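Here the structure is a predicted model, which means the values were calculated and not measured. In what follows, chains carry the letters A, B, and so on, assigned in the order in which the sequence lines appear, proteins first and then strands, with residues in each chain numbered from 1.
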Protein chains: 2
Amino acid sequence: MPEQTEKTELSERKKQILAHVVELYIKTGEPVGSKGLISATGMSVSSATVRNEMNELDSLGYLEQPHTSAGRIPSQKGYRYYVDHLMKNREIDELTKRLIDAGISSAVGDPEKLISKSREVLANLTKCATVSTAPVGEMTLIRKIEIVPVGTYSAMMVLLTSNGILKSRLCRTDSEINAGILESFYNIVDSFILEKPALEITPAYIQTLAAAVEGDYFTMLPLLAAVSELADSVGDSRLILGGSSNLLSFKDYGASAVALLEFLGKREPLTDVISSSKGSLDIHIGSENKYKQLENSSVIVSKYSVKGDDTGTISVIGPTRMDYETIIPSIKYMTDLVGRLISQALEE
Amino acid sequence: MPEQTEKTELSERKKQILAHVVELYIKTGEPVGSKGLISATGMSVSSATVRNEMNELDSLGYLEQPHTSAGRIPSQKGYRYYVDHLMKNREIDELTKRLIDAGISSAVGDPEKLISKSREVLANLTKCATVSTAPVGEMTLIRKIEIVPVGTYSAMMVLLTSNGILKSRLCRTDSEINAGILESFYNIVDSFILEKPALEITPAYIQTLAAAVEGDYFTMLPLLAAVSELADSVGDSRLILGGSSNLLSFKDYGASAVALLEFLGKREPLTDVISSSKGSLDIHIGSENKYKQLENSSVIVSKYSVKGDDTGTISVIGPTRMDYETIIPSIKYMTDLVGRLISQALEE
DNA sequence: ATTAGCACTCGGGTGTTAAGAGTGCTAAAA
DNA sequence: TTTTAGCACTCTTAACACCCGAGTGCTAAT
């Protein structure tokens with residue numbers, strides 16, 4: 001009597017077999033056949049039985065055959081069923097946890113560094129590509145601008161946003177940077193730049209400000225240009241891709257790896273993919289992604305929120321055959337940690 | 001009588017043919033045969049003549065055949081002869097020049113930005129991988145450190161080196177950052193950190209400093225740790241690789257592209273390759289590079305020097321079949337420009 | 001010195017075949 | 001009714017033979 005009792009319910013043994021197929025395929029990358037499955041898992045049934053079950057899983061759409069005489073591989077539906085129902089979502093591995101902690105320890109206190117470190121660490125850990133989006137949005141305000149002269153004609157400038165992103169650069173003027181210049185610079189900054197959204201500090205806006213400057217226009221211009229350049233680079237931290245070369249090692253993508261890398265290189269579609277995630281941890285398998293270029297990939301998007309309502313994301317992109325079982329706990333742990341640390345860093 | 005008069009000298013026509021073969025092969029990527037060469041160049045000799053000449057070029061080692069019945073491709077020696085004697089080293093293209101100028105215009109005044117922009121721009125231009133090394137060395141000193149509180153427990157910290165590299169980060173302490181802390185921080189910085197080589201500000205060194213702090217050890221520690229982190233990241237700017245995914249588009253590297261990317265990902269050998277260059281513009285063709293992984297690649301290393309004796313480099317890495325004729329003027333122009341602009345930025 | 005002509009070579013493409021892996025089905029056993 | 005053993009079948013892959021064409025090297029004629 002324990003058979004598929006409903007359309008959506010699989011018999012225990014089918015579940016077991018599906019889980020084994022998915023896991024074996026994830027491990028080896030080879031289509032798994034009835035015999036191979038038995039010898040690898042030690043199930044105490046015959047290959048014929050497994051074959052029958054697999055056959056049914058096949059017609060139910062959970063498995064598919066690359067060709068008639070090969071083993072089976074999970075279909076998209078199969079992966080989906082696996083991550084939804086079969087995967088033991090175990091706790092994160094203690095060692096992995098240590099690696100993560102150690103990896104981002106040097107960035108504690110600085111949101112931007114936390115974000116990029118987390119991306120790097122996760123890329124190393126998962127051997128997949130990772131994407132991070134900083135909690136930068138419409139309402140990320142310019143919080144502080146400092147300028148420190150380091151020579152007669154040059155100064156270092158630092159810009160801090162309400163989200164804790166810090167950008168700095170040197171800038172150079174044609175005429176001397178004296179107290180007067182600094183004063184009028186801070187005046188402009190105080191009145192027209194601070195507490196404005198970073199996205200609004202465009203070159204055009206700067207132009208209009210500069211036009212209104214009395215007197216030392218030509219000294220002020222490079223300073224204001226530097227401000228706009230810094231404000232602009234805040235936006236750059238929004239979405240960053242890392243570890244994409246990891247994807248080359250997967251034999252899953254044959255020659256198509258190049259096309260994938262090209263796709264990932266473009267900003268807009270990637271932003272789209274990430275931002276279309278709703279939950280706090282979303283898994284998009286294969287063609288669940290709306291972009292054709294991702295049909296053989298899975299994207300795991302995990303969100304964290306910092307004290308405001310701003311949310312950032314960390315994502316992992318890899319072949320559908322990625323190791324969900326270990327990646328998911330890692331990315332979860334990572335996002336929690338980063339969210340906590342950033343919130344902490346932003347406390348007054 | 002104009003034949004190969006010496007071992008090292010080729011007849012005019014041989015030179016012409018060699019040049020054509022190299023250029024055609026660079027353009028098409030296909031081995032060039034006698035007929036194809038004539039039809040592509042409009043030479044007024046018969047294919048048989050060309051064949052004879054090619055045959056001799058072959059035995060002299062300038063050309064080689066992938067297989068008997070294919071056309072010829074330049075050997076390493078052929079490329080070498082081409083870049084040394086045959087290539088018209090024309091001026092940089094006006095359009096390219098504009099692109100370069102425009103590309104790095106936003107970075108003027110900031111050495112570090114200049115360096116990374118130049119790398120990016122050159123990667124886009126050449127479609128190859130690019131490597132930049134900043135003029136960071138043993139004698140790059142910490143020139144200035146500023147710390148600006150931005151909240152009760154957090155401050156932004158900025159570090160400037162003698163070479164104009166600026167690094168910044170937020171840092172956070174457990175107890176309040178007050179005037180006293182700041183004062184003792186600056187005391188430590190002034191006495192033990194400023195004007196020291198950045199490379200010497202290691203975590204270990206910081207440890208010994210921190211140990212000697214009286215009183216508020218636990219507040220000072222994160223600040224000093226941040227200093228060491230910043231000093232460390234100065235070293236990171238030393239050698240940076242960019243545009244490596246460009247290499248994937250070259251059909252020259254088939255499956256070996258992956259191995260190449262892996263090689264380029266490692267820091268030490270790459271440093272070795274770049275730093276073994278002696279002249280101001282060095283071209284290493286194929287296995288002239290001492291690393292086996294580069295046997296199908298050429299590396300062009302171009303140096304610039306800034307006012308001191310510090311020199312940085314910009315390099316292009318691509319298949320031996322790269323377009324030397326346009327890449328070389330571009331990289332030359334770029335290094336000159338960057339060298340000039342950095343020197344300018346570093347003037348008092 | 002150049003060229004036309006020609007035999008030759010070799011890689012790439014196209015069957016064909018044999019081996020191997022894996023399946024689906026059937027009939028017997030539990 | 002479920003499981004299992006056996007077997008025929010399918011399909012991929014590797015290996016081999018084959019042909020075609022591009023390109024060569026050589027020779028003889030100009």
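Among the protein residues, A:N52 comes within range of the nucleic acid bases, having at least one heavy atom under 4.0 Å from a base atom. Residue contacts shown for A:A48 include a base, since a base heavy atom lies under 4.0 Å away. Among the atoms of the strands shown, none is found under 4.0 Å from any heavy atom of A:S47.
Taking CD1 of B:I17 as the reference point, atom CE of B:M43 lies at 4.5 Å (rounded to 0.5 Å).
Shown here is A:K97, whose NZ atom has no more than 12 heavy atoms of other residues, nucleotides or ligands within 6.0 Å.
Of the side-chain N and O atoms in A:R13, one or more sit less than 4.0 angstrom from OP1 or OP2 of D:dT3. In this structure, B:T49 reaches the C:dT3 phosphate: one of its side-chain N or O atoms is under 4.0 Å from OP1 or OP2. OP1 or OP2 of D:dC11 has at least one side-chain nitrogen or oxygen of A:T68 nearer than 4.0 Å.
When side chains are defined from C-beta on, A:S298 counts as touching A:T320, because their heavy atoms get closer than 4.5 Å.
Rounded to an integer number of Å, the gap from CD of B:E53 to P of C:dT3 is 11 Å. Distance, A:K14 NZ to D:dT3 P: 10 Å, rounded to whole Å. Going from atom NE2 of A:H67 over to atom P of D:dT13 covers 5 Å, rounded to whole Å. At whole-Å resolution of the value, CD in A:E64 and P in C:dG22 are 17 Å apart. The CD1-P distance, from A:I73 to D:dT12, rounds to 14 Å in whole Å. Whole-Å rounding puts the B:I38 CD1 to C:dT2 P distance at 12 Å. Rounded to an integer number of Å, the gap from CD of A:E30 to P of D:dT12 is 16 Å. Taking atom CE on B:M43 and atom C1' on C:dT3, their separation rounds to 14 Å, with Å as the unit.
Side-chain atoms of B:R72 and base atoms of D:dG25 include no donor and acceptor less than 3.5 Å apart.
Salt bridge present: B:E23 and B:K88 bring a charged side-chain N and a carboxylate O closer than 4.0 Å. Taking the charged nitrogens against the carboxylate oxygens, B:K278 and B:D282 have no contact shorter than 4.0 Å, which rules out a salt bridge.
Side-chain atoms of B:R51 lie closest to C:dG5 of the nucleotides C:dT3, D:dC7, C:dG5. Comparing D:dC26, C:dA4, C:dG11 by their nearest atom to the side chain of B:S46 picks out C:dA4.
Residues B:P66 and A:S69 each lie close to DNA chain C; by heavy-atom proximity, the contact nearer the 5' end of the strand is made by B:P66.
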